[in-house]
Amino acid sequence: MEQLNVALAVVGGLVLVVGLLSSPLDRSWLSAPLFAFLFGVALGPHGLNVLDPMAWGDGKQMLEQTARLTLGISLMGIALRLPPSYPFVHWRSLLVLLAAGMPAMFLISSLLTHWVMGWPLLMALLVGGAICATDPVVASSIVTGGVAKENLPESFRHLLSSESGANDGLAYPLVLLPVLLLTLPAGDAWFDWFVTIWLWEVGGGILIGVALGWATGRALQWSEERGYLDQPSFLSITLALTLLVLGLGELLGTNSILGVFAAGLAFDQEVGGKERSEEDNVQEAVNILLTMPIFVLFGLIAPWAEWRALGPQGVLLALLILLLRRLPAILLLKPWLPAMRDLPITLIMGWFGPIGVSALYYATFISSRTGYDLAWTVGTLIVVASMLAHGMTAAPLAYRYGRWRRGKS
């Protein structure tokens, strides 16, 4: 109980500090996720040893489930933040990023891992799958807040938000492909990948999410028309919808993470407008409250010994992935992305593909399904590198682009 109370005090104090210093943090190199991670390191076994997560049980199992809940909350927030018509008006750009950009990032990351670390290609594909998605939690710190709204185009912010919302769930088949090939005969693996993974887990997850989101939106309208709904209950409804989709999706064996994003979009089609704009700041506040614990936990169980064992090759791989995983793909796809109207914003889009909570989730997922810790060790090192690199450059590059755009006009 003492450890629980310490953990509650730590998380509560951290959220309080982040809330009170949100503007300075937004304008500094120290992003909220990085701040929480460093806080966890300071309090963990490698720091003051105030908290020992190993005494709580399986640290990676806790991180996987915490990451799943965190992703669900964040994806619902993104779906509510987007204009309701955005995914339908800009579906071509999203299709290009998801059908061409994400597989390209998967292959580039895998080939870099294979080349630098010298691991078999299937092992390298595990790492590529874990880190190929653009993280919605860290991306939210780049596309929201005063600095982003003042300096970065709305079209860029919506495109990055929608990409990060959709590709977390759609990365699942890319993660499962090497997992299946490593654990099943090749014929069975490919059959399961096409039929079970794509048709049921992905397709079924989307259908279940859309159905629950639409039904919840209709039920909300019905309740409002009869005066049954107290306005502050709106936020609890969106949180309850998130938990419902996460739980039911897992019970039915579908992709619940993708289902949450689909549910949020369907819900927003029915509700949207006044309620969404009024609850935007509250939803973001809840995101902060529920996303800080994941980075504190990550700081507590970070695998320092495994990172040191990687040696200089691990550092080189992290740098190469940050530089080459995303930027070449975005530059090649620029002609099919209307939001990338000039080279500077294209370069920013190519640089800001943060790797965060989704990589933590898939790295622990891969470790538990295969017994291999390569994706966990390399993936978590790249998460730290991404938090440092993207956290330090988000505000300066946004300011620089804003000045450049104002100078042109």
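A donor atom on one side chain and an acceptor atom on the other are not found under 3.5 Å apart for Thr377 and Trp307. Between Thr346 and Arg341, the side chains place no donor N or O within less than 3.5 Å of an acceptor N or O (distance only, hydrogens not considered). Glu201 and Thr254 share no side-chain donor-acceptor pair at under 3.5 Å.
Under the 4.0 Å criterion applied to side-chain N and carboxylate O atoms, Arg326 and Glu163 are assigned as salt-bridge partners. A salt bridge is defined here as a Lys NZ or Arg NE, NH1 or NH2 lying under 4.0 Å from an Asp or Glu carboxylate O, and Arg406 with Glu150 fails to meet this definition. By the 4.0 Å N-to-carboxylate-O rule, Lys60 lies close enough to Asp373 to be salt-bridged with it.
The main-chain N or O of Leu170 is never found under 3.5 Å from a side-chain atom of Asn167 such that the two would form a donor-acceptor pair. Listed for the Arg226 side chain is no donor-acceptor partner under 3.5 Å among the backbone atoms of Gln221.
Here Tyr401 and Trp404 bring their ring centres to under 6.0 angstrom of each other. A centroid separation of less than 6.0 Å is found between the aromatic rings of Phe298 and Phe37.
Nearest heavy atom pair, residue Ser256 against residue Val245, reads CB-O, 3.8 Å. For Arg157 against Leu152, the heavy-atom pair with the smallest separation is NE-O, 3.3 Å. Smallest separation of non-hydrogen atoms from Leu322 and Ala389: CD1-CB, 3.9 Å. In terms of heavy-atom proximity, Ala124 sits nearest to Ser110 at CB-O, 3.3 Å. The heavy-atom pair separating Ser162 from Tyr86 by the smallest distance is OG-CE2, 3.4 Å.
Looking at heavy atoms from C-beta onward, Leu97 lies in side-chain contact with Met349 at the 4.5 angstrom threshold.
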